Amino acid sequence: MAYWLFKTEPGCFSFDDLKARPNMTEPWDGVRNYQARNFLRDRIKPGDRVLFYHSNIPEPAVVGIAEVVRGGYPDSTAMNPAGEHFDPKASPENPIWYMVDVRYGEPLPRPVSLEQIKGNPLLAEMPLVKRSRLSVLPVTADEWRIILIMGGAEPK
DNA sequence: GCCAACGTTGGC
DNA sequence: GCCAACGTTGGC
């Protein structure tokens, strides 16, 4: 079982949007970065835990937890010419892009802001801090536990 | 809204 | 295969 951090712009898809469908799976689609694609396709498995992170807002922060319920499978939005995530090079034989399904877990009692994360020396090595542009990032078990504690949640 | 970081594209 | 130009991300 592995830990990840998924970024989203809340204006596009927020943690509350996920919360609105607590018993349903949601496709995590539209990722168009090869490094993130490799994680989605090869590494992210059902049962993995996800820190749900809101970006591109005045105070970016980890706001909650989600769970992976389906591992990497072809991202069909790349093959929809009418959609904004269309990639003419993608095909059923060569999907190029992949997505996973997630399910709502629980909110953090207190969101953990990027500022707090940057201020914690134990979190200085997180790719979130060092390579801030990647949208799907690995998280270590220690980092997971620390962020949950900072957010006032029981680390589990 | 600005701009730095950085991934991608395309000319050569 | 290099690298300049360009586009996107995302913090501020």
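Just so we're on the same page: letters track the sequence lines, and every chain starts at 1. Since the model is a prediction, treat every value here as computed from it, not as a measurement.
Atom C1' of nucleotide B:dT8 and atom CD1 of A:Ile96 are separated by 14 Å, given to the nearest angstrom. As a whole-Å value, the separation of A:Leu134 CG from B:dA5 P is 17 Å. One interatomic measurement links the two molecules: CZ of A:Arg37 to P of B:dT8, which rounds to 10 Å at whole-angstrom precision. Taking atom CD of A:Glu115 as the reference point, atom P of C:dC12 lies 8 Å away to the nearest angstrom. Separating the NE2 atom of A:His54 from the P atom of C:dG11 is a distance of 12 Å, rounded to the nearest angstrom. A:Gln35 places its CD atom 11 Å from the C1' atom of B:dC6, with the value rounded to the nearest Å. If you measure from atom CG of A:Asp87 to atom P of B:dG7, you get 18 Å, rounded to the nearest angstrom. One can place CD of A:Gln116 at 16 Å from C1' of C:dG11, the figure rounded to the nearest angstrom.
Neither OP1 nor OP2 of B:dT8 sits under 4.0 Å from any side-chain N or O of A:Lys89. The shortest distance between the side-chain N/O atoms of A:Tyr53 and the OP1/OP2 oxygens of C:dG11 is below 4.0 Å. Distances shown here put every side-chain N or O of A:Lys7 at or beyond 4.0 Å from the OP1 or OP2 atom of C:dT9.
One hydrophobic cluster, built from ILVMFWY side chains closer than 4.5 Å, holds both A:Leu122 and A:Met126.
Remark: A:Arg103 CZ is loosely packed, at most 12 non-hydrogen atoms of other residues, nucleotides or ligands lying under 6.0 Å away.
Considering only side-chain atoms of A:Pro60, the nucleotide from C:dG10, C:dG11, B:dT8 that sits closest is C:dG11. The side chain of A:Arg133 approaches C:dT8 more closely than any other nucleotide in the set C:dG11, C:dT8, B:dG7.
Among the protein residues, A:Leu114 comes within range of the sugar-phosphate backbone only, with heavy atoms under 4.0 Å from sugar or phosphate atoms but none that close to a base.
Across A:Phe15, A:Tyr104, A:Phe6, a single residue satisfies ring-ring contact (aromatic ring centres under 6.0 Å, His included) together with A:Phe52, and that is A:Phe15.
With salt bridges taken as basic N to acidic carboxylate O contacts below 4.0 Å, one links A:Arg32 and A:Asp75.
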task: Determine, step by step, whether A:Tyr73 and A:Asp101 satisfy the side-chain hydrogen bond (donor to acceptor under 3.5 Å, both in side chains) criterion, reporting the C-alpha distance in whole Å, the side-chain angles of both residues, the deciding distance to 0.1 Å, and the verdict.
output: CA-CA 9 Å; A:Tyr73 63 101; A:Asp101 287 353; 2.5 Å; yes

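Comparing A:Asn33 and A:Asn56 by the nucleotide of DNA chain B whose heavy atom lies nearest to each, the residue mapping closer to the 5' end is A:Asn56.
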